[in-house]
2 protein chains.
Amino acid sequence: MAIAASISSRVIDAVLGQRLAPDARLGEQQLAALFGCSRTVVREAMIDLAGRGIVTVSPRRGWYLTAVTDVFARELYDARLIIETGLLRQLGARGGRLDGAEIARLRAHLDAQHTAVQGADVGRRSHLLGDFHVCLARCLGNGVLAGKLRDLTVLTTLYTMRHQTPGDARRSYEEHVGVVEALAAGDAREAEARMARHLGTWELKTTHARGPDPLEGLRRALAPPAGLPRDHATTP
Amino acid sequence: MAIAASISSRVIDAVLGQRLAPDARLGEQQLAALFGCSRTVVREAMIDLAGRGIVTVSPRRGWYLTAVTDVFARELYDARLIIETGLLRQLGARGGRLDGAEIARLRAHLDAQHTAVQGADVGRRSHLLGDFHVCLARCLGNGVLAGKLRDLTVLTTLYTMRHQTPGDARRSYEEHVGVVEALAAGDAREAEARMARHLGTWELKTTHARGPDPLEGLRRALAPPAGLPRDHATTP
DNA sequence: CCCCGGTTTCTTGTATGCATGATTTGAATA
DNA sequence: TATTCAAATCATGCATACAAGAAACCGGGG
């Protein structure tokens, strides 16, 4: 059964690292061959991932990474905002603060993000920037919400890969630093506000891209080249 | 595959209705016979439930309903508080209010709770009182968090079945009424406060029962009868 | 009476085989 | 050339068979 968990984990890593895009096909046979096990084990992993919303099964057709719709993405961002600010708010309400070891862990994570942001590996960058939120939630002491947040982060990545946001990695990193610094200073309330702003800007970026336009993909792909006359139109 | 979902659903219903207690054994063979399918399908349901934390597998021994520990229960209550108050806070922050249809749905649910609280079916009572929170979350428009909340409610039930709280069903019902009335009046902020108080009292009830006492169950069971002399002690 | 060893039974873990249905391919036809 | 229909292909859905390990059971010895 550890094999199934490993498959799930590898798929999640691949998504976070942007090596797998939404609608990517995950054939049972292929994964079985790749991991040297039978379809039964692959199936367990797929069912697990499906329960977390990361893959979707089309009956008798196959398993695919879920394509996150706009309205669902809105729910995702709402959920993340509620969970992450809620955890920080709770820390503040209880007058608690993170101990040195946890602050150190967060700072180490920030260091990794820093080098990744300066590097060229866009997958690793995305992975670390997303994983920071999970790491923070875990430091805040709630494993249940941390686990859910990991799934939400994966789904968020699946969404942003399509609607490629500006991807201002540097800014995201700096906002992460701001949150950790507030926590290190023992100011949980400020950390909460900064996190709300951090997630809020994301939400805005996607909000302007909303609107019921099911032809978004086609429209973008088939848009006429700007500035060129339609010199090969079929109906003049 | 609909069969597997049905099995999961039936197990969840049984827990919410307190017809299955923690540590209850869920044998693959027995469930297969009961649902008229093969172990393969049962296995899918178990894996799904395991991913949601509702069942736990002991290798080569069997599947059991998870026994929620005290520290984990604390996380559960924290998570519920964050999610439920967060949803209400978000509604207030956006200045929105529930429309008539949703208020009506909540009121209908309250009616069902009312009759159940007065009735004798303790299972149905527990089921409805727990389900109210899920219904509310769904009315608040976030399916992701509503789904997670359902799982958390199941786990909460598994915990309270052991540490039988006073079970003040009437009071719970009245607090639910208070939340819905605030929502009907368009006062999301008040609804949030009432929900926080509602969940807070629960948390208190379990908090006083906390403390690292792994012998709690034994101690309670083997406590000497008050007032009676130990006239049959083995060592006089 | 209690304890210890082997055996038996019962459970899940994994692989495999067949059924079913969706998709694609191909040729025949208007 | 475009279209339609049948057959082949390929994927998952489900059941079953076997392997492996855990717990229970039973007999013998102290």
Side-chain angles (χ1 to χ4, degrees), chain A residues 1-12 14-15 19-67 158 214 217-218 222 232-235, chain B residues 1-12 14-15 20-67 158 217-218 232 234-235:
Chain A
M1 191 168 192
I3 308 177
S6 150
I7 297 178
S8 304
S9 168
R10 292 276 288 272
V11 170
I12 286 180
V15 172
R19 295 187 301 276
L20 280 178
D23 281 325
R25 192 177 140 69
L26 300 176
E28 294 183 1
Q29 204 108 237
Q30 307 169 32
L31 288 177
L34 192 58
F35 285 90
C37 61
S38 77
R39 278 179 47 221
T40 306
V41 179
V42 173
R43 213 137 210 291
E44 292 184 2
M46 292 300 113
I47 290 169
D48 177 49
L49 289 174
R52 296 148 76 176
I54 294 171
V55 304
T56 310
V57 60
S58 178
R60 307 257 180 208
R61 273 181 23 93
W63 303 85
Y64 298 87
L65 283 180
T66 54
L158 281 173
L218 272 181
L222 303 181
H232 58 294
T234 53
T235 59
Chain B
M1 192 169 192
I3 308 176
S6 149
I7 298 177
S8 303
S9 169
R10 293 276 286 274
V11 170
I12 286 180
V15 172
L20 279 178
D23 280 325
R25 190 177 143 71
L26 300 177
E28 294 184 1
Q29 204 109 237
Q30 307 170 32
L31 289 177
L34 192 58
F35 285 88
C37 60
S38 77
R39 278 180 48 220
T40 305
V41 179
V42 173
R43 212 138 211 290
E44 292 183 5
M46 291 302 113
I47 290 168
D48 177 50
L49 289 174
R52 296 148 75 178
I54 295 171
V55 305
T56 309
V57 59
S58 178
R60 307 260 180 205
R61 273 180 23 90
W63 302 86
Y64 298 86
L65 283 180
T66 52
L158 280 173
L218 271 181
H232 57 295
T234 53
T235 58

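Labels below follow one simple rule: chain letters A, B, ... track the order of the sequence lines, proteins then strands, and each chain is numbered from 1.
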Between N or O atoms, less than 3.5 Å apart, protein on one side and nucleotides 5-8 of chain D on the other: list the pairs.
none

Contact list (N/O, under 3.5 angstrom) for nucleotides 16-18 of chain D vs protein:
| from | atom 1 | to | atom 2 | distance (Å) |
| --- | --- | --- | --- | --- |
| D/dT16 | O4 | B/T40 | OG1 | 3.3 |

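- Once rounded to the nearest 0.5 Å, the distance linking CG of A/L26 with CG of A/L20 reads 6.5 Å.
- Atom-to-atom distance recorded for B/T56:OG1 and B/L49:CG is 10.5 Å, nearest 0.5 angstrom.
- With rounding to whole Å, B/E44 atom CD is found 15 Å from C/dT14 atom P.
- Between B/A4 and B/A45, the shortest heavy-atom distance links the atoms O-CB, 3.5 Å.
- Near DNA chain D, meaning a heavy atom under 4.0 Å from it, residues 54-66 of chain B has B/R60, B/R61 in order of number.
- Near DNA chain D, meaning a heavy atom under 4.0 Å away, there are no residues from residues 21-31 of chain B.
- Here the shortest heavy-atom pairing between B/T66 and B/G53 reads OG1-O, 3.1 Å.
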N/O donor to acceptor pairs below 3.5 angstrom from side-chain atoms of residues 33-40 of chain B, sequence neighbours left out:
| from | atom 1 | to | atom 2 | distance (Å) |
| --- | --- | --- | --- | --- |
| B/S38 | OG | B/T40 | N | 3.2 |
| B/R39 | NE | B/E28 | OE1 | 2.8 |
| B/R39 | NH2 | B/E28 | OE1 | 3.0 |

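- Listed by first and then second residue, the salt bridge (charged side-chain N to carboxylate O under 4.0 Å, His left out) pairs involving residues 45-54 of chain A are A/D48-A/R52, A/R52-A/D151 (not counting sequence neighbours).
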Taking it one step at a time, do B/V11 and B/L65 satisfy side-chain contact (heavy atoms from CB on, under 4.5 Å)?
CA-CA 9 Å; B/V11 170; B/L65 283 180; 4.2 Å; yes
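- The nearest pair of heavy atoms linking B/P22 to B/L158 is CG-O, 3.5 Å.
- Closest approach of B/M46 to B/L31, counting heavy atoms only: CE-CD1, 3.5 Å.
- For the pair A/E44 and B/I47, the tightest heavy-atom approach, listed with the atom from each and the gap, is CG-CD1, 3.3 Å.
- Here the shortest heavy-atom pairing between A/R25 and A/Q30 reads NE-NE2, 4.3 Å.
- Rounded to an integer number of Å, the gap from A/M46 CE to D/dA11 P is 15 Å.
- Rounded to the nearest 0.5 Å, atoms CD1 (B/I54) and CH2 (B/W63) are 13.0 Å apart.
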